Amino acid sequence: VEVEALLIASAASLMAMSLLYLSTVLSAEILAERFSLFVDGGMITPETATYLLAIVFGTFVIALIPAISAYRRARTQQLSN
């Protein structure tokens with residue numbers, strides 16, 4: 001349960017960052033021409049990394065609830081058999 005939750009959170013974060021970077025690269029010229037808006041390509045800053053780590057840690061903590069429940073249930077079934 002834990003590994004699955006961490007894998008989903010990590011994959012979702014990676015896909016979101018990739019999509020954001022791709023859309024920024026593709027729209028940078030249009031934004032500059034039409035709105036005089038110049039977007040920096042650097043996506044990973046220390047603040048962003050902190051947020052990503054907080055998301056992964058939060059996922060770990062939240063996934064502990066069903067993991068502990070499954071462990072207790074399996075342990076109870078093992079003792080009764």
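Just so you know, these numbers use all the heavy atoms, side chains as well, and skip hydrogens, waters and symmetry mates. Every value quoted in this text rests on a predicted model; they were computed, and no experiment measured them.
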What is the distance from atom [atom1] of [X] to atom [atom2] of [Y], rounded to the nearest 0.5 Å?
| X | Y | atom1 | atom2 | value |
| --- | --- | --- | --- | --- |
| Tyr51 | Ser13 | OH | OG | 14.0 Å |
| Met17 | Thr24 | CE | OG1 | 9.5 Å |
| Arg72 | Gln77 | CZ | CD | 15.0 Å |

When you group the ILVMFWY residues by side-chain heavy-atom contacts below 4.5 Å and let the links chain together, are [Y] and [X] in the same group?
| X | Y | result |
| --- | --- | --- |
| Val39 | Phe35 | yes |
| Ile55 | Phe57 | no |
| Leu6 | Leu14 | no |

Taking all atoms of both residues into account, what is the closest heavy-atom pair of Ala5 and Thr59, and its distance?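 Scanning both residues, the minimum pair turns out to be O-CG2, 3.4 Å.
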
Judged by atom type as modelled, is there a donor-acceptor pair below 3.5 Å linking the side chain of Ser23 to the main-chain atoms of Leu20?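 Checking the backbone N and O of Leu20 against the side chain of Ser23, a donor-acceptor pair under 3.5 Å is found.
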
Distance-only, no hydrogens or angles: does the Ser69 side chain make a donor-acceptor pair with backbone N or O of Ile65 under 3.5 Å?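 Judged by distance alone, no pair lies under 3.5 Å.
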
Can Thr45 and Thr48 be counted as having a side-chain donor-acceptor contact under 3.5 angstrom?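 There is such a pair between these side chains.
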
Begin from the C-alpha positions of Leu31 and Phe38 and carry the test side chain to side chain contact (heavy atoms under 4.5 Å, CB included) through to its verdict. CA-CA 7 Å; Leu31 291 172; Phe38 299 97; over 6 Å; no

Not counting sequence neighbours, which residues clear side chain to side chain donor-acceptor pair (under 3.5 Å) with Thr50? List them please.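 Thr50 satisfies side chain to side chain donor-acceptor pair (under 3.5 Å) with no residue once adjacent residues are dropped.
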
